[in-house]
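Some notes on the structure that comes next.
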Amino acid sequence: MDIRLFNTLTRKKEIFKPIEDKKVKIYTCGPTVYWYQHIGNLRSYFFPDILKRVLMENGYKIVHVINVTDVGHLTSDSDTGEDKIEKTAREQKKTAKEIASFYFKVFKEDFKKMNFIEPNFWPKASEHIKEQIELIKKLEEKGFTYKTSDGIYFDSSKFKNYGKLANLNVKGIKAGKRIPLGEKRNITDFALWKFSEKPGLRQQEWNSPWGIGFPGWHIECSAMSMKYLGESFDIHTGGEDHIQIHHTNEIAQSEAATGKKFVNYWLHGAFLTFKGEKISKSKGGFYTLSELEEKGYSALDLRYLFLTSHYRKPLEFSFHALDFAKNSLRKLKEKIKSLDKTKKINRKNIDLAYKQFLSYLNDDLNTPKSLSFLWDVLREDKLNDSEKYKLATIFDKILGLDLGKEEKIKIPKKVAELIKKREELRKNKKFLDADKIRQKIYKLGFIIEDTKEGVIIKKR
Ligand code: AMP
Ligand code: ZN
């Protein structure tokens, strides 16, 4: 079956063809680890996860890289402002290493909770300075760089197709108040290496052929992707905010250095918005996964919410929508649990439905269609319970919702005490009092069911 992916480079859905047979190399722009990743960021790691699972179901092996930006990302995308990690380290009176490793650790925990399959490599920018310097040297040899008083810059006018990815009208972009030209030759030029203003003041700086300093943000992704995936690879993913600057610059510097096509398919995810605006760290007021967990939602409730929308469409976050996702996931799990798994399976039924399911996902990762198809399967009279169960578990290899897994629920001490008290009251036939306690337990978020085998406790 063909896989079609929307390629930002051509603005078309294209049939996917890997460079190597049955192997796909993917690079995802990773987190800048100066703060918690918000749920908008998580959406940008969700769609590569679906992409990987879909490719694997189609028989491909995956090599996946997500970088960790722990140096060089400045507070402004136009090569000015402070390094985000250095700034947080100063504010929190910590070392840059401490900041980066703390937020990376939290991110990895969230990543796991979301059931995202780990990449094969998590390279850190600060551990690939040599590779970045080598790449800048190559660009220098080929005449694509120039020096200003604050660093080494890439001359975008020398790269023929600059701005192709974003369909940029390069000539139309003029320096303005927000983006001053400064010593740059062209407004779209960008820093490859920045000099330390006062060497010794920054926590993270290195020697280079051009002076003490640190790499620009874009060069890390070119250097690390090419190190782990080769000079040309299959798929590059990221949020759509990276199209205009970051990915445009990645293409320019990589292709200028190698003379080869850098990436065949560029996939971009739309934003998660809140009240119509992009959820963003710099604006504040964002939600993290732990904030949602504190409010009683799970990572998989959020995953369900992400599945309900196509990755190229903006998704408006609201608690109403998250409640809907949470309830749907609970109902889905209950339905699957209640299925009689002892019926005889007709293989033909499984194959047919599976093909249909995969065809939705092979069509540019249409998760909303695949999810509603799962519901259709569960409602279908022509399928028996065992077939439904089998299909749900197969579909879950891509959906990643732990559908067959029994949820282990943590019972708070207070609830446990109330359950014990209720048992005693029931033993003494004080049913009215026992019922009052059941209501108290309900208010604390738990449902009690009395069965022949004993009491069953569920989350409300
Ligand atoms: P950052 O840590 O800011 O470098 O961003 C990590 C990833 O999250 C990038 O791919 C961004 O494009 C993406 N991103 C940032 N904000 C959002 C959002 N509100 N919705 C979806 N993706 C986002
Ligand atoms: Zn990147």
Side-chain angles (χ1 to χ4, degrees), residues 8 26-49 51 65-77 83-85 88 99-100 103-104 106-108 110-111 114 116 119 121-125 128 132 135 165-166 190 215-229 233 235-254 262-263 266-289 302 305-306 309-317:
T8 309
I26 309 173
Y27 186 87
T28 296
C29 281
T32 309
V33 283
Y34 70 105
W35 197 246
Y36 299 101
Q37 290 285 294
H38 54 65
I39 53 178
N41 297 134
L42 294 182
R43 190 178 185 211
S44 279
Y45 304 108
F46 162 73
F47 85 87
D49 182 66
L51 171 71
V65 177
I66 304 184
N67 68 301
V68 180
T69 303
D70 58 356
V71 67
H73 198 167
L74 304 186
T75 47
S76 150
D77 277 350
D83 186 313
K84 291 182 182 189
I85 307 268
T88 314
I99 293 294
Y103 290 109
F104 180 44
V106 178
F107 172 61
K108 270 174 80 174
D110 287 356
F111 200 89
M114 292 295 293
F116 296 158
F121 303 99
W122 289 111
K124 295 190 179 78
H128 293 78
Q132 297 178 71
L135 192 55
L165 180 75
F190 54 92
W217 170 40
H218 315 297
I219 196 76
E220 65 166 283
C221 283
S222 291
M224 296 195 284
S225 61
M226 291 202 273
K227 171 170 179 179
Y228 293 95
L229 304 175
F233 60 93
I235 304 177
H236 195 309
T237 79
E240 63 182 0
D241 52 338
H242 285 343
I243 300 173
Q244 279 228 354
I245 299 177
H246 184 51
H247 290 168
T248 289
N249 293 347
E250 269 188 53
I251 292 175
Q253 65 202 0
S254 308
F262 178 43
V263 172
W266 285 86
L267 268 58
H268 291 100
F271 292 142
L272 184 70
T273 59
F274 185 55
K275 295 185 179 158
E277 274 196 55
K278 174 192 173 204
I279 294 183
S280 120
K281 271 182 271 196
S282 49
K283 281 190 197 129
F286 59 84
Y287 285 103
T288 60
L289 185 57
L302 185 63
L305 177 67
F306 289 168
S309 162
H310 190 263
Y311 77 97
R312 281 192 293 113
K313 289 213 175 90
L315 171 62
E316 170 69 10
F317 176 81

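No experiment lies behind these values; they were computed from the predicted model shown. Excluded from the calculations below are hydrogen atoms, water molecules and symmetry mates; all remaining heavy atoms, backbone and side chain alike, are included. Indexing begins at 1, ligand by ligand and atom by atom, following the structure's order.
- Not one N or O of Ser280 is nearer than 3.5 Å to an N or O of ligand 1, by distance alone.
- Residue-level proximity to ligand 1 for Asp241 is carried by the side chain, the only part with a heavy atom below 4.0 angstrom.
- With ligand atoms numbered from 1 in the order given, ligand 1 contributes 6 (C), 7 (C) to contacts under 4.0 Å with heavy atoms of Tyr45.
- Between Gln37 and ligand 1, at least one pair of N/O atoms sits closer than 3.5 Å.
- Smallest separation of non-hydrogen atoms from Leu305 and Leu315: O-CD2, 3.9 Å.
- Counting backbone and side-chain atoms alike, His246 contributes an N/O/S atom closer than 2.8 Å to the Zn ion (ligand 2).
- Rounding to the nearest 10°, we obtain 130° for the angle at the Zn ion (ligand 2) between Cys221 SG and Cys29 SG.
- Looking at Ile279 next to ligand 1, an N or O pair under 3.5 Å apart turns up.
- Atoms of ligand 1 found under 4.0 Å from any heavy atom of Gly239 (numbered from 1 in listed order, with element): 10 (O), 12 (O).
- Nearest non-hydrogen protein atom to atom 9 (C) of ligand 1 is His242 NE2, 3.5 Å.
- Counted by atom type alone, Glu220 and Asn67 present one or more donor-acceptor pairs between their side chains at under 3.5 Å.
- The closest protein non-hydrogen atom to atom 15 (C) of ligand 1 is Asn41 ND2, 3.1 Å.
- Residue-ligand proximity, Lys278 to ligand 1, at heavy-atom distances under 4.0 Å covers atoms 15 (C), 16 (N), 17 (C), 19 (N).
- In this structure, the side chains of His247 and Cys29 come closer than 4.5 Å at one or more pairs of heavy atoms.
- Taking a cut-off of under 4.0 Å to the non-hydrogen atoms of Leu272, the atoms of ligand 1 that pass are 18 (C), 19 (N), 20 (N), 21 (C).
- At most 12 heavy atoms of other shown residues, nucleotides or ligands fall within 6.0 angstrom of atom CH2 in Trp35.
- More than 12 heavy atoms of other residues, nucleotides or ligands shown are found within 6.0 angstrom of CD on Glu240.
- Numbered from 1 in the order shown, with element, the atoms of ligand 1 that lie under 4.0 Å from a heavy atom of Phe271 read 17 (C), 18 (C), 20 (N), 21 (C).
- Looking at Gly40, Gly30, Pro31 and measuring to atom 23 (C) of ligand 1, the nearest heavy atom belongs to Gly40.
- At under 3.5 Å, a nitrogen or oxygen of Thr32, whether backbone or side chain, sits near a nitrogen or oxygen of ligand 1.
- A donor and an acceptor atom, one from each side chain of Thr8 and His268, are located under 3.5 Å apart.
- Of all non-hydrogen atoms in Pro314 and Ser309, the two that sit nearest each other are O-OG, 4.4 Å.
- In this structure, Tyr34 and Ile99 approach most closely via the heavy-atom pair CA-CG2, 4.0 Å.
- For the pair Trp122 and Val68, the tightest heavy-atom approach, listed with the atom from each and the gap, is O-CG2, 4.1 Å.
- For the pair Trp266 and Glu250, the minimum side-chain heavy-atom distance is below 4.5 Å.
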